[in-house]
Amino acid sequence: MVNSHLAMNTPPIVSPQEWEAARLQLLVKEKELTHARDALAAARRRMPWLAVEKEYEFDGPEGKASLLDQFDGRRQLIVYRAFFEPGVVGWPEHACAGCSFLADQVAHVAHLNARNTTLVFVSRAPQTDIERVKARMGWEMPWYTMTDDFDTDFGVDEWHGTNAFIRDGDSVFRTYFINSRGDEAMGSTWSYLDMTALGRQEEWEDSPEGYPQTPPYQWWNWHDEYGDAQLEGEYRDQIRRGRAKGGDAT
């Protein structure tokens, strides 16, 4: 019988003081990593833009849709290519296990929408299958069916990947692309905004002159109340400071 409790070369057991000292040592490296991520996001905001001059057609929940339609009126668009189609393991009950793993981690899209950004998934499966699997898995992001060479043209015909776009009126531009292990970090509102041309759009960010920016915290809201009347200033301040513990804070 195989022993399931194999010996492990574990770290030493230390006192609380020694443990805290070790944590503070690593905290220095963690801060360096945070600053490096911020610098990378700032560099992404300075990436050149690539004009999308070809017309692409998708099937969506409401019928035919162009790439421009997928913006849903917003300034930015993030498109994740998920493998859900004949020939992929799991079909037709499931999408690819890895793509499904990522889909399970996607934050509520209302937070992205509040930053003028739309997130969509695209696959080659028909809409009837997409809607069925979305309902089964509890996924709420918009999901379109590719009908042409979009996947080939944007590097996601043989592997998953996340493309970012921006529009100027009816003109669409590709601004960034993440694939392979880079997709492991995707899913949170921040990871998506950090790959876009406009970023988080907060005042502390290093962005080119003229980019939209607002104070941090002030735009944050419950996902079902974006677009509603603003909370009274005093209560909103309490929320930002973590003092509102539920119920009436007055």
Side-chain angles (χ1 to χ4, degrees), residues 1-47 78 80 82 89 94-112 114-115 117 119 137-141 159-162 164 176-196 198-207 213-223 235-247 249:
M1 181 177 180
V2 177
N3 186 354
S4 61
H5 300 284
L6 298 176
M8 295 175 57
N9 185 17
T10 62
I13 308 300
V14 298
S15 68
Q17 295 78 15
E18 291 172 312
W19 187 91
E20 183 62 17
R23 188 191 73 87
L24 291 176
Q25 279 187 323
L26 280 181
L27 183 60
V28 173
K29 295 184 180 295
E30 290 185 4
K31 293 295 184 182
E32 292 174 351
L33 179 59
T34 297
H35 296 155
R37 283 198 301 262
D38 291 343
L40 174 61
R44 289 169 174 168
R45 291 191 286 277
R46 290 165 171 82
M47 273 280 295
I78 300 170
Y80 175 72
V89 174
H94 282 293
C96 152
C99 296
S100 299
F101 197 108
L102 186 148
D104 281 339
Q105 299 178 68
V106 172
H108 202 289
V109 295
H111 303 296
L112 285 173
R115 293 279 88 177
T117 302
L119 170 70
M137 302 299 287
W139 298 328
E140 298 183 351
M141 72 287 287
W159 196 247
H160 58 83
T162 307
Y176 206 64
F177 176 55
I178 290 176
N179 67 350
S180 195
R181 288 197 63 196
D183 269 335
E184 291 180 359
M186 307 311 293
S188 74
T189 300
W190 304 127
S191 64
Y192 284 124
L193 290 177
D194 283 347
M195 76 168 292
T196 65
L198 300 181
R200 303 184 186 191
Q201 304 164 53
E202 295 185 343
E203 290 176 341
W204 63 270
E205 287 182 301
D206 174 13
S207 293
Q213 289 186 318
T214 61
Y217 304 106
Q218 291 188 8
W219 67 272
W220 302 7
N221 208 342
W222 296 283
H223 73 249
Y235 186 45
R236 180 170 286 280
D237 286 342
Q238 289 176 331
I239 294 171
R240 292 204 304 269
R241 294 179 174 85
R243 296 175 183 170
K245 303 300 184 181

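To the nearest 0.5 Å, atom CE of residue Met141 and atom NE2 of residue His108 are 10.5 Å apart. Taking CG of Leu119 as the reference point, atom CD1 of Ile78 lies at 6.0 Å (rounded to 0.5 Å). In this structure, the separation between CD on Glu32 and NZ on Lys29 is 6.0 Å, given to the nearest 0.5 Å. Note that CZ of Phe101 is 13.0 Å distant from CG of Asp183, once rounded to the nearest 0.5 Å.
Pairing each heavy atom of Ser191 with each of Gly187, the nearest pair is OG-N, 3.3 Å. Shown here for Leu193 and Thr196, the closest heavy-atom pair between the two residues is O-OG1, 2.7 Å. Of all heavy-atom pairs spanning Glu203 and Pro216, the tightest one is N-CD, 4.5 Å. Taking every heavy atom of both residues into account, Ala95 and Ser100 meet most closely at O-OG, 3.4 Å.
For the 3.5 Å distance criterion, the side chains of Asp104 and Trp139 qualify, holding a donor opposite an acceptor. Side chains of Thr162 and Asn179: no donor on one and acceptor on the other come within 3.5 Å. Under the 3.5 Å distance criterion, with hydrogens and angles disregarded, no donor-acceptor pair is assigned to the side chains of Arg200 and Ser207. Trp219 and Glu202 share a donor-acceptor pair across their side chains, judged by distance under 3.5 Å alone.
The closest donor-acceptor contact from the side chain of Gln213 to the backbone of Glu205 lies under 3.5 Å. Between the side chain of Glu20 and the backbone N or O of Gln17 there is no donor-acceptor pair closer than 3.5 Å. Counting only distance, with no hydrogens or angles, the side chain of Gln201 and the backbone of Thr214 share no donor-acceptor pair below 3.5 Å. Proximity of a side-chain donor or acceptor of Arg115 to a complementary backbone N or O of His111 within less than 3.5 Å is not detected.
No side-chain heavy atom of Met186 sits under 4.5 Å from any side-chain heavy atom of Tyr80. Between Thr34 and Arg37 there is a side-chain heavy-atom pair separated by less than 4.5 Å. The shortest distance between side-chain heavy atoms of Asp206 and Asp38 does not fall below 4.5 Å.
Taking a cutoff of 4.0 Å between a charged side-chain nitrogen and a carboxylate oxygen, Arg44 and Asp194 do not qualify as a salt bridge.
The number of heavy atoms from other shown groups lying within 6.0 Å of CD1 (Ile13) does not exceed 12. Summarising the local packing, CZ of Arg181 is surrounded by 12 or fewer heavy atoms from other residues, nucleotides or ligands at distances under 6.0 Å.
Taking the six-membered ring for Trp and thresholds of 30 and 60 degrees, Trp220 and Tyr217 have ring planes inclined between 30 and 60 degrees apart.
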